[in-house]
Amino acid sequence: MHLIIRGALAAATLPFFFVPAPGCSAQSAEREPLRTRAERTNYVETSSYADVVGFLERVAASHPAIQLTTFGYTSEARALPLAVVGRGIEPTAESVRSSGKTVLYLQGNIHGGEVPGKEALQMLLREIAMGERDPWLDDLVLLVAPIYNADGNERMALTNRPRQHGPIGGMGTRPNAQGYDLNRDHMKLESPEARSFARLMTEYDPHVAVDLHTTNGTRHAYHLTYSPPLHPNTPGSIDQLLRGELLPSVTNRVREKHGWDFYYYGNASARGGTEMGWYTFDHRPRFNNNYVGLRNRIAILGEAYSYATFEDRVLASLWLTQEIVDFVAGDPARIRRIVAAADAESLVGQSLATRAAFVRSAERVDILMGEVDEERHPLTGQLMLLRRDVSQAVPMYEYGTAEATETETVPAGYVIPAALSDIVTRLRAHGVRLDLMSADALEGESYHIDRIETAERAFQGRNEQTISGEYRVGRIDVEAGSWWIGMDQPLARLAFSLLEPRSDDGFANWGLLAEHLRAGGTYPISRVH
Ligand SMILES: [Zn+2]
């Protein structure tokens with residue numbers, strides 16, 4: 001099932017980094033230096049799916065450490081291309097995992113109109129192909145997925161993402177072909193793309209995952225903003241590494257080398273009062289970086305600034321990614337140790353969040369606010385905004401972290417009746433370990449439901465539900481064929497968020513248990529301490 005991309009050898013015969021000698025006239029296309037479609041068109045256009053696949057084939061043909069495979073499909077059956085970069089490995093999950101190296105997953109285009117990551121990752125692969133990044137290959141494996149929402153990418157239009165500054169030749173759509181926002185699908189897994197991603201996370205098991213986007217909204221002065229995982233159940237060691245070391249180091253190096261400012265993602269808003277604050281987005285694990293954090297992995301969201309030029313957004317995404325990989329390459333064994341320790345930690349008996357809210361920073365921080373000029377798209381006449389090179393520090397409170405507003409004690413495990421086959425399938429798709437049970441009677445807790453609130457409007461095709469009630473201790477009659485989800489497993493943080501009845505991003509929240517829930521009844525999944 002690996003590598004189905006055809007024609008990879010066709011480009012291998014000629015070195016494509018050939019620089020034409022002066023006066024040399026007979027240049028075939030193969031002898032042109034390899035450039036992305038964005039570069040070839042002076043940043044008027046962005047790469048199509050075929051452009052990306054073609055580019056990947058050419059870099060793979062030029063360097064033995066770059067190999068191609070695919071890691072799943074879109075709903076329109078486009079294979080999701082994955083470049084596997086590493087020495088002495090096959091591009092299979094088993095080979096990557098058993099290499100013992102530190103593995104980074106780099107993803108572009110989860111939102112099909114937010115294209116700089118897709119372009120930057122191609123450029124990063126070219127640097128590797130040209131031998132400029134050979135030191136990375138000693139201890140790292142890179143998994144590069146430039147075009148995750150491939151179906152959304154192909155739905156290009158000049159009018160997508162109005163106000164963003166180009167590419168004026170058009171860009172794709174935010175949702176996938178099913179109409180799902182793939183960056184809200186990491187818990188419910190309704191799309192083949194999300195199931196492909198979850199499987200990649202389980203099978204290749206990268207230690208670090210980077211997800212590249214473009215901002216909407218606030219006119220700040222940063223060329224790029226970033227975020228660590230925001231869920232309060234994220235392992236503390238991962239939060240400390242990112243906020244205490246990795247992100248500050250990346251920020252300093254980009255400022256030193258290029259003079260650009262990067263900062264934590266946020267939008268300036270007077271939400272909930274009259275005073276302006278810097279608000280991050282959301283802690284829930286439906287978002288990629290938050291989900292990866294609940295899997296005990298080091299996740300970074302990157303958001304290139306929407307009103308910088310397309311070229312500058314690509315460069316900001318490239319520089320972020322380069323510096324992240326460089327940081328990891330500085331001590332790859334330590335990254336593996338942090339992840340392994342998080343996997344080994346037992347959560348049983350700990351108090352974890354089922355719901356959370358933003359916390360205000362103790363002090364005001366200086367946020368760099370910017371300005372924009374208005375321009376018109378030359379062909380559609382639509383308004384586009386262009387970043388002005390000004391920056392004004394505005395002190396404001398920051399709402400950049402979340403803390404629990406409700407908690408539950410992590411049990412020894414959960415019991416799932418065999419009849420909940422859809423839930424079992426979704427847990428398997430996440431890579432959660434399930435053990436078959438025989439008939440038994442256990443002392444445990446069942447959740448008694450007082451009230452069910454169902455959202456009137458569907459969100460992402462689901463009417464979200466909030467259930468209220470209480471756990472009561474009692475006997476649980478376990479039917480043969482039920483499933484035990486032990487919390488002594490590495491994905492316990494994730495399983496807890498999926499299964500707890502009050503979880504703000506669990507199966508119950510997404511209405512996936514709706515037919516089994518009624519006020520006065522019992523939540524069908526019980527737990528044992
Ligand atoms: Zn996005």
Side-chain angles (χ1 to χ4, degrees), residues 38 46-47 52 74 80 105-121 145-157 159-167 170-188 190-191 193-194 197 209-220 222-231 262-267 269 279-293 299-308 310 312-314 316-318 320-321 324 384-385 387 400 459-460 505:
T46 189
S47 306
V52 173
T74 67
L80 292 170
Y105 172 74
L106 310 174
Q107 174 177 285
N109 236 52
I110 189 171
H111 291 140
E114 300 174 15
V115 295
K118 174 184 62 183
E119 304 299 340
L121 291 175
I147 186 160
Y148 177 63
N149 181 4
D151 292 350
N153 188 79
E154 298 305 278
R155 287 165 163 67
M156 290 207 196
T159 48
N160 288 336
R161 289 184 65 78
R163 289 184 296 287
Q164 175 174 291
H165 200 269
M171 66 219 86
T173 58
R174 183 177 181 88
N176 77 345
Q178 297 164 290
Y180 292 138
D181 184 336
L182 296 179
N183 204 27
R184 305 293 181 272
D185 200 33
H186 292 94
M187 293 299 269
K188 58 185 172 62
E190 302 271 74
S191 65
E193 293 90 341
F197 171 72
V210 179
D211 183 30
L212 297 168
H213 292 246
T214 303
T215 62
N216 301 308
T218 291
R219 298 164 190 194
H220 56 64
Y222 305 108
H223 277 88
L224 183 140
T225 47
Y226 46 60
S227 178
L230 297 170
H231 198 288
F262 288 6
Y263 192 62
Y264 290 96
Y265 177 86
N267 286 293
S269 161
Y279 287 86
T280 188
F281 59 106
D282 200 305
H283 68 279
R284 288 173 294 179
R286 61 188 62 181
F287 295 87
N288 176 281
N289 58 319
N290 301 335
Y291 172 76
V292 170
I300 299 142
L301 163 81
E303 295 260 0
Y305 181 50
S306 198
Y307 313 132
F310 179 35
D312 283 358
R313 297 202 302 277
V314 172
S317 305
L318 177 64
L320 173 81
T321 311
I324 291 170
M384 304 192 302
L385 303 179
R387 181 185 188 279
F459 173 68
Q460 299 292 306
D505 215 357

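Bear in mind that the values here come from a model prediction, so they are computed numbers and not experimental data. One-based numbering along the sequence shown. Note that ligands are numbered from 1 as they come in the structure, with each ligand's atoms numbered from 1 the same way.
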- Message: Run the side chain to side chain contact (heavy atoms under 4.5 Å, CB included) test against A145 and tell me which residues pass, sequence neighbours left out.
- Response: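 A145 satisfies side chain to side chain contact (heavy atoms under 4.5 Å, CB included) with F71, L82, Y105 only.
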
- Side-chain H-bond candidate by donor/acceptor type, S191 with D185, under 3.5 Å: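 There is such a pair (donor and acceptor under 3.5 Å, judged by atom type) between the side chains of S191 and D185.
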
For [X], what is the atom name of its N, O or S atom nearest to the Zn ion (ligand 1)?
X: H213; value: ND1
X: E114; value: OE1
X: H111; value: ND1

- Task: Report yes if the side chains of Q164 and L385 come closer than 4.5 Å at any heavy-atom pair, otherwise no.
- Result: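 No - every pair of side-chain heavy atoms lies 4.5 Å or more apart.
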
- Message: Would the distance check show the side chain of N267 and the main-chain N or O of G217 forming a donor-acceptor pair, the cut-off being under 3.5 Å?
- Response: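 No, the answer is negative, given that no donor and acceptor are paired below the 3.5 Å cut-off.
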
